[in-house]
Protein chains: 2
Amino acid sequence: MGQQAVAPIHKTHHLDMTALPKNIIKTISIDCVIFGYADSTLEVLLRRRATGPSKGMWSLPGGFVKKEERVLVAAQRVLQQTTGVRNTYLEEVGVFDAVDRYPAWRVFTIGHVALISPDRYALKAGSDSSEVRWFPLGNVPRLPFDHVEIMQVALEKLRKRVRYQPIGFEILPKKFTLPQLQRLYEVILGKDLDKRNFRKKILGMHFVKRLTETDRNSGRRPAFLYEFDATKYGKLQRKGFMFEL
Amino acid sequence: MGQQAVAPIHKTHHLDMTALPKNIIKTISIDCVIFGYADSTLEVLLRRRATGPSKGMWSLPGGFVKKEERVLVAAQRVLQQTTGVRNTYLEEVGVFDAVDRYPAWRVFTIGHVALISPDRYALKAGSDSSEVRWFPLGNVPRLPFDHVEIMQVALEKLRKRVRYQPIGFEILPKKFTLPQLQRLYEVILGKDLDKRNFRKKILGMHFVKRLTETDRNSGRRPAFLYEFDATKYGKLQRKGFMFEL
DNA sequence: CCAAAAGTGTTTATTGTACACCCATGA
DNA sequence: TCATGGGTGTACAATAAACACTTTTGG
């Protein structure tokens, strides 16, 4: 976290430099912090490193940027190649630049975040991964490099985002209940919310609309189902709003 | 602004590659947007390029990151070397990565902002600059590369920052009046503020304290002088607050 | 009929916003 | 005495926050 003493670097480990592709920029990498929401818990997507430094450890999906590739495009590609997850809404988190953050040579990494619904993506261990898995946030294995820091900053970013953009569309089923939506917010913010105030706020934004159907397989009193109003949702996503909770 | 068609790059202009230092990372540069506040106007610090692409044009002070240097350190150094300005509180704005943003080869640049008081710094055209000058925001010359975009994003960042951190300490004289502080906020936010509401807010934060002296050389009714309360100011700077104006 | 979660309004406190007049000074 | 900017308080509106009981279902 923050500055560190400058340690000897450029050790250029010759461990197993399994032929890095030719057209990459060796100084700039991407790391993706993909949060998933399922069963009322936040999870993070990790992959086991199949090559390079810290081979065998679980780490954030990441990789190098190509010579003529934009950063966001690289992030999408890298994520897809290592984990099979593609077409997510990634957002830049910042540059991580500690001099010895990567042991083999100096690499600046650009962190990215997304929040997705695990069950909508098929995981597939790709190029540099031997295994891909979701880990509940409370149970994350030891991570290499500065990946813990990147995760923390990413989580803060996500929490901030929730305060000025609607969420849920990409995470909840098409038809969902308000208690479900509330749980989503609670899990992300890490605190309980008042049921009545929450409803007041959400309904006041008008980005969800109530259906006549109810959710009958909950076992208890059925909750009304709601749908996102795509137009209003999109507007709020672009324009932003203030959402104190 | 956003994605662009990928244009042919790597033209490697051999214009006047005035011997780039050996220990730099050619792919990663820094650009600094230094805003100055003086005479109730916002200015930006530019330098005339003495070497490389767009030589002769005014541009943001910038330069490359060294091989074992952290980004923030690089930003301070580059700023000092090109303009003489040093020891400012720089903040990261983001990565600018358009494939052809720099004509000679591909360079990712990390934008930085600071807000300073021009009269506390002596300008000195250094290494890659032939001239250094402040330009009022309304009168900025044509800038090369994506420097206009970087400036815009930096200004937005500054405006956001003003809403959750106190400002003024580094810009106003040790003893200042509330009308002075209000003008500062108005200039940065680009809009007028209500005098009474402004005072209520500021005084409510308790990061300024009123002195018994008044400012007697204003020509009009003397205004009371205030000082920043360093402790409270620092606390708010770290913890942040909500400041709607 | 019991347990469990869904649903529903009101009151109070806090915060934002709009607004108008008197005051101290130098010229 | 006038022009100029400095200083002050209040009322209204909007928003946040606290809070408890009834309803519906499955077992």
Side-chain angles (χ1 to χ4, degrees), chain A residues 39-41 159 162-164 166 168 172-173 175-187 189-227 236 239-245, chain B residues 39-41 162-164 166 168 172-173 175-187 189 191-227 236 239-245:
Chain A
D39 301 319
S40 298
T41 37
R159 285 184 171 155
V162 161
R163 286 154 186 276
Y164 59 88
L172 296 179
K175 299 176 180 181
F176 57 92
T177 67
L178 284 190
Q180 277 180 291
L181 184 60
Q182 180 172 347
R183 242 165 274 134
L184 172 60
Y185 270 91
E186 288 177 333
V187 167
L189 294 176
K191 66 176 177 191
D192 289 354
L193 303 173
D194 180 274
K195 207 200 308 184
R196 284 168 289 190
N197 293 339
F198 178 80
R199 286 162 172 261
K200 214 187 305 170
K201 274 267 189 44
I202 294 292
L203 295 177
M205 311 243 161
H206 300 106
F207 67 81
V208 294
K209 48 172 194 272
R210 176 165 151 174
L211 306 176
T212 51
E213 316 160 57
T214 53
D215 173 23
R216 298 201 60 79
N217 41 14
S218 75
R220 303 289 162 211
R221 170 175 179 178
F224 279 100
L225 287 168
Y226 287 76
E227 263 183 1
L236 286 175
K239 295 198 182 173
F241 56 84
M242 275 300 129
F243 198 83
E244 280 313 317
L245 281 169
Chain B
D39 302 320
S40 297
T41 37
V162 161
R163 286 153 187 277
Y164 58 88
L172 295 179
K175 301 176 178 180
F176 57 91
T177 68
L178 285 190
Q180 277 180 292
L181 184 59
Q182 180 172 347
R183 241 165 275 134
L184 171 61
Y185 271 91
E186 288 177 334
V187 167
L189 294 175
K191 67 176 175 189
D192 290 352
L193 303 174
D194 180 274
K195 207 198 312 184
R196 282 170 289 189
N197 293 338
F198 178 78
R199 284 164 173 261
K200 213 188 305 170
K201 275 267 191 46
I202 294 292
L203 295 178
M205 310 244 161
H206 301 106
F207 67 82
V208 293
K209 49 173 193 269
R210 176 163 151 177
L211 306 176
T212 51
E213 315 160 58
T214 52
D215 173 24
R216 299 200 60 77
N217 43 13
S218 77
R220 303 293 161 209
R221 169 175 179 176
F224 278 101
L225 287 169
Y226 287 75
E227 265 183 358
L236 286 175
K239 296 198 182 172
F241 55 86
M242 276 298 128
F243 197 85
E244 280 312 318
L245 281 170

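The chains referred to below are lettered A, B, ... by the order of the sequence lines, with proteins before strands, and numbering in each begins at 1.
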Separation of D:dA18 atom P from A:Phe198 atom CZ, nearest Å, is 17 Å
Rounded to whole Å, CG of B:Asp215 lies from P of D:dG6 at a distance of 10 Å
Which pairs of donor and acceptor atoms, one on a side chain in residues 213-223 of chain B, lie under 3.5 Å apart (sequence neighbours left out)?
residue, atom, partner, partner atom, Å
B:Glu213, OE1, B:Lys175, NZ, 3.3
B:Glu213, OE2, B:Lys175, NZ, 3.0
B:Ser218, OG, B:Arg220, N, 3.2
B:Ser218, OG, B:Arg220, O, 3.4

B:Phe224 meets the ring pair (Phe, Tyr, Trp, His ring centres under 6.0 Å) criterion, sequence neighbours left out, with none
note: A:Phe241, atom CZ; D:dA14, atom P; distance rounded to Å ~ 20 Å
Counting N and O atoms only, with roles assigned by atom type, does the side chain of A:Glu227 sit under 3.5 Å from a partner on the main chain of A:Leu211, one being a donor and the other an acceptor?
no
From CG of B:Asp192 across to P of C:dT17 the rounded distance in Å is 15 Å
Between A:Leu178 and A:Lys195, does the side-chain contact (heavy atoms from CB on, under 4.5 Å) criterion hold? Intermediate values first, please. CA-CA 9 Å; A:Leu178 284 190; A:Lys195 207 200 308 184; over 6 Å; no
With sugar-phosphate taken as primed atoms, P, OP1 and OP2 and all else as base, the protein-contact string of nucleotides 19-27 of chain D at under 4.0 Å (heavy atoms; B, S, -) is BB--BBSS-
Separation of C:dG7 atom P from A:Leu181 atom CG, nearest Å, is 12 Å
Rounded to whole Å, CG of B:Leu203 lies from P of C:dG16 at a distance of 14 Å
Check against side-chain contact (heavy atoms from CB on, under 4.5 Å), B:Leu181 and B:Tyr226 | CA-CA 10 Å; B:Leu181 184 59; B:Tyr226 287 75; over 6 Å; no
In whole angstroms, the gap separating C1' of D:dT15 from CZ of A:Arg199 amounts to 20 Å
To the nearest angstrom, the CG-P distance between B:Leu193 and D:dG5 comes to 17 Å
Residue set satisfying side-chain contact (heavy atoms from CB on, under 4.5 Å) with A:Ser40, at least two apart, ordered chain then number -> A:Tyr37, A:Arg183
